[in-house]
Amino acid sequence: MQSQQSIGVFDSGVGGTSIWKEIVTLLPKESTIYLADSTNAPYGNKNEKQILELCIKNTEKLIALGAKIIVVACNTATTNAIDYLRATYPIPFIGIEPAIKPAALQSKHKSVGILATKGTLNSKLFNDTAARYTQDIAVVEIMGEGLVPLIEKGDLENPELVYLLKKYLAPMVDARIDYLVLGCSHYPYLIPLMRGLLPAHIQIIDSGEAVAKQTQHVLKSLDLIETNAHNPKHLLLTNGELDVLTYFIENFGESKNSKNLKMQIKREAF
Ligand code: DGL
């Protein structure tokens with residue numbers, strides 16, 4: 001493996017672009033390859049074996065395209081498959097898990113909410129972490145049924161999203177949570193809607209920035225970090241709708257600008 005090779009990133013669809021943006025912002029000299037497996041979204045309702053098979057497919061595609069490290073930008077995929085991937089492929093993997101630990105440690109009300117997919121909330125990895133850090137904390141776990149397919153349509157103003165979020169967030173507000181953990185990489189795109197539905201004191205946390213920092217740390221420790229400004233390139237592939245991936249990539253966030261990046265966004269079967 002060489003430092004000039006790309007950082008590979010995959011998700012069940014466009015949600016992992018929320019992580020990709022953090023990586024590109026923190027590591028501007030790195031080239032990246034992003035796989036949006038939108039055809040198979042949502043992963044959250046699939047069983048462990050199905051999720052694992054999809055992760056293997058995505059991993060082998062990224063390795064074939066020359067990835068030097070793989071960021072599994074999907075909580076559902078990480079919590080169900082990362083141990084297998086790490087044991088099977090000779091390449092480092094970074095995963096994303098719900099930020100339950102910082103939420104539990106910082107909660108003053110001793111009450112936190114977690115919104116995630118069924119696949120994440122049922123996984124052993126998530127339940128082991130939650131058991132370790134939330135012994136003296138009330139945790140309101142809610143499955144975000146239906147949110148990912150709506151986000152995958154690329155319409156973040158769909159009234160159905162507001163309807164579902166109201167339903168999912170109400171029990172958390174009733175339980176007086178002061179931290180809401182977003183346990184799915186699609187959900188950061190719903191923060192503006194959530195903000196309108198939650199009392200202002202509730203902090204919303206996701207793991208995107210922490211994943212980018214961990215990627216940087218691992219690349220440095222393995223001497224795989226790119227130090228030359230060699231004109232980084234970004235290849236973004238979707239097996240779903242090209243327009244939807246393009247929409248999420250171009251809406252890069254207020255403080256971040258994707259316009260100057262050298263990007264190729266393509267539709268391809270994988
Ligand atoms: N973005 C994913 C996650 O972080 C998965 C959503 C899904 O495909 O169900 O969990």
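Each ligand, and each atom within it, is numbered from 1 in the order the structure gives. For the single chain, residues carry numbers from 1 onward in sequence order. Please read these numbers as outputs of a predicted model, since none were measured by experiment.
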Asker: How about CG on Asp128, more than 12 heavy atoms from neighbouring residues, nucleotides or ligands closer than 6.0 Å, or not?
Answerer: yes

Asker: Can you name the residues that form a salt bridge (Lys or Arg N to Asp or Glu O under 4.0 Å) with Lys108, not counting sequence neighbours?
Answerer: none

Asker: Would you say Pro42 contacts ligand 1, with heavy atoms under 4.0 Å as the rule?
Answerer: yes

Asker: A quick test of your reading: do over 12 heavy atoms of other residues, nucleotides or ligands sit less than 6.0 Å from CD of Glu209?
Answerer: no

Asker: So which heavy atom in the protein is nearest atom 7 (C) of ligand 1, and how far is it from that ligand atom?
Answerer: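 Its nearest protein heavy-atom neighbour is Tyr43 N, 3.3 Å.
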
Asker: Taking salt bridge (Lys or Arg N to Asp or Glu O under 4.0 Å) as the test, write out the residues that go with Lys167, two or more places apart.
Answerer: none

Asker: One residue to check: Cys184. Relative to ligand 1, which of side chain, backbone, both or neither has a non-hydrogen atom less than 4.0 Å away?
Answerer: both

Asker: If you measure every N or O of Asp11 against every N or O of ligand 1, does any of those distances drop under 3.5 Å?
Answerer: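 N/O-N/O distance below 3.5 Å exists for this pair.
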
Asker: Taking only heavy atoms of Gly44, which atoms of ligand 1 are found under 4.0 Å from at least one of them?
Answerer: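 Here the atoms of ligand 1 in question are 7 (C), 8 (O), 9 (O).
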
Asker: Can you find a heavy atom in the side chain of Val181 that is under 4.5 Å from one in the side chain of Leu115?
Answerer: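 No, their side chains stay 4.5 Å or more apart.
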
Asker: Identify which of Asp206, Asn45, Leu182, Val148 has a heavy atom lying nearest to atom 6 (C) of ligand 1.
Answerer: Val148

Asker: Applying a heavy-atom cut-off of 4.0 Å, say which part of Thr76 lies close to ligand 1: side chain, backbone, both or neither.
Answerer: both

Asker: Please work out whether the ring planes of Tyr89 and Tyr84 are parallel, tilted or perpendicular, with thresholds of 30° and 60°.
Answerer: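 Because their plane-to-plane angle is over 60°, the rings of Tyr89 and Tyr84 count as perpendicular.
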
Asker: What residue and heavy atom of the protein are closest to atom 2 (C) of ligand 1, and at what distance?
Answerer: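 So the nearest neighbour among protein heavy atoms is Cys74 SG, 3.2 Å.
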
Asker: Can you tell me the protein heavy atom closest to atom 1 (N) of ligand 1 and the distance?
Answerer: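 Looking only at protein heavy atoms, the one closest to atom 1 (N) of ligand 1 is His186 ND1, 2.8 Å.
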
Asker: Check Tyr34, Tyr189, Trp20 against Phe248 for a ring pair (Phe, Tyr, Trp, His ring centres under 6.0 Å) and give me the one that passes.
Answerer: Tyr189

Asker: Indicate yes or no: does an N/O atom of Ser185 lie under 3.5 Å from an N/O atom of ligand 1?
Answerer: yes

